[in-house]
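When reading the values below, keep in mind they use all heavy atoms of this one structure, side chains included, and skip hydrogens, waters and symmetry mates.
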Amino acid sequence: MGIAKNIEISLLLDIYGEILTRKQRDIMDLYWNKDLSLSEIAENTETSRQAVMDCIKRATARLYKMEHTLGMLQKYTVTRKAVETILPLAEGAADKEAILSQLQKLQDVWEDI
């Protein structure tokens, strides 16, 4: 599993974690954030390794479904990139058009919320 996938699912868990059951959130946190193995999680939760794997698959699918529906991670990513672009421009304040362009992008991203 790539590091980018770990970060993506961790962010999805931060954004949409409340839609999961407490047990799903705990298992997802142990797996994606604490990097415990399926066997370690099974031992900690007194369940089978297969049950842990099934829980992770279902919870991950649910998080991706929410992202597909709401797109909050995508909006966060666009916003973060825009802010990273705006901050250096704002320090010099020489390129007001570039700043306004980036601010317009931010407004467009969040307009439909």
Side-chain angles (χ1 to χ4, degrees):
M1 188 86 29
I3 203 155
K5 176 106 174 166
N6 287 0
I7 293 169
E8 180 179 68
I9 293 178
S10 184
L11 287 169
L12 290 172
L13 190 56
D14 287 345
I15 295 168
Y16 303 115
E18 292 301 314
I19 68 162
L20 302 175
T21 66
R22 182 75 191 154
K23 185 173 182 174
Q24 286 175 324
R25 278 193 315 270
D26 290 345
I27 288 173
M28 293 290 283
D29 181 57
L30 291 172
Y31 187 73
W32 293 108
N33 296 331
K34 306 287 193 279
D35 201 30
L36 269 64
S37 71
L38 297 176
S39 298
E40 290 170 321
I41 297 169
E43 186 178 318
N44 288 343
T45 59
E46 298 179 351
T47 188
S48 71
R49 186 179 178 282
Q50 184 63 46
V52 170
M53 182 181 284
D54 291 344
C55 177
I56 290 169
K57 284 182 180 180
R58 280 192 307 275
T60 300
R62 194 160 184 209
L63 294 175
Y64 275 111
K65 183 177 180 182
M66 287 301 296
E67 175 59 17
H68 179 74
T69 302
L70 299 176
M72 297 303 291
L73 180 57
Q74 180 184 11
K75 290 175 182 176
Y76 167 79
T77 303
V78 169
T79 301
R80 184 176 175 140
K81 286 179 182 177
V83 168
E84 288 171 356
T85 302
I86 292 169
L87 286 177
L89 294 172
E91 288 177 8
D95 193 353
K96 292 180 183 178
E97 288 300 318
I99 294 171
L100 291 174
S101 171
Q102 292 298 318
L103 289 172
Q104 183 62 51
K105 285 181 185 177
L106 285 176
Q107 183 178 3
D108 293 345
V109 166
W110 292 100
E111 203 167 69
D112 61 344
I113 294 180

Practice problem: Any chance you could measure Asp35, atom CG, to Asp29, atom CG, to the nearest 0.5 Å? | Solution: 11.5 Å
Quiz item: Hey, what do you get for CD1 (Ile19) to CG (Leu63), rounding to the nearest 0.5 Å?
Solution: 5.5 Å
Practice problem: Among residues two or more places apart or on two chains, list those pairs meeting salt bridge (Lys or Arg N to Asp or Glu O under 4.0 Å) that have a residue in residues 48-65. | Solution: none
Practice problem: Over all heavy atoms of both residues, which pair between Lys75 and Thr79 is shortest? Give the atoms and the distance, please. | Solution: O-OG1, 2.8 Å
Quiz item: What pairs of residues pass the salt bridge (Lys or Arg N to Asp or Glu O under 4.0 Å) test when at least one of them lies in residues 77-87, not counting sequence neighbours?
Solution: Arg80-Glu84
Quiz item: Between Asp26 and Arg22, is there a side-chain N and carboxylate O pair less than 4.0 Å apart?
Solution: yes
Quiz prompt | Reported CD1-to-CE distance for the pair Ile9 and Met28, which is rounded to 0.5 angstrom | solution = 6.0 Å
Practice problem: Take Val52 and Tyr31, measure what side chain to side chain contact (heavy atoms under 4.5 Å, CB included) needs, and give me the verdict at the end. | Solution: CA-CA 9 Å; Val52 170; Tyr31 187 73; 5.9 Å; no
Quiz item: Roughly how far, to the nearest 0.5 Å, is the OG1 atom of Thr60 from the NZ atom of Lys5?
Solution: 7.0 Å
Exercise. Report the distance from atom CD1 of Ile7 to atom CG of Asn33, rounding to the nearest 0.5 Å.
Key: 11.0 Å
Quiz item: Under 3.5 Å, is there a donor-acceptor pair between the side chain of Tyr16 and the main chain of Met72?
Solution: yes
Quiz prompt | Flag side-chain contact, heavy atom, 4.5 Å: Trp32 against Glu8 | solution = no
Quiz prompt | N/O donor-acceptor pair under 3.5 Å between Glu67 side chain and Leu73 backbone | solution = yes
Practice problem: Report yes or no: does Thr45 contribute a side-chain atom to a donor-acceptor pair with the main-chain N or O of Ile41 at less than 3.5 Å? | Solution: yes
Quiz prompt | Spatial distance of atom NZ (Lys23) from atom OG1 (Thr47) [nearest 0.5 Å] | solution = 4.5 Å
Exercise. Evaluate the criterion side chain to side chain contact (heavy atoms under 4.5 Å, CB included) for residue pair Ile56 and Leu38; output intermediate values, then yes/no.
Key: CA-CA 9 Å; Ile56 290 169; Leu38 297 176; 3.6 Å; yes
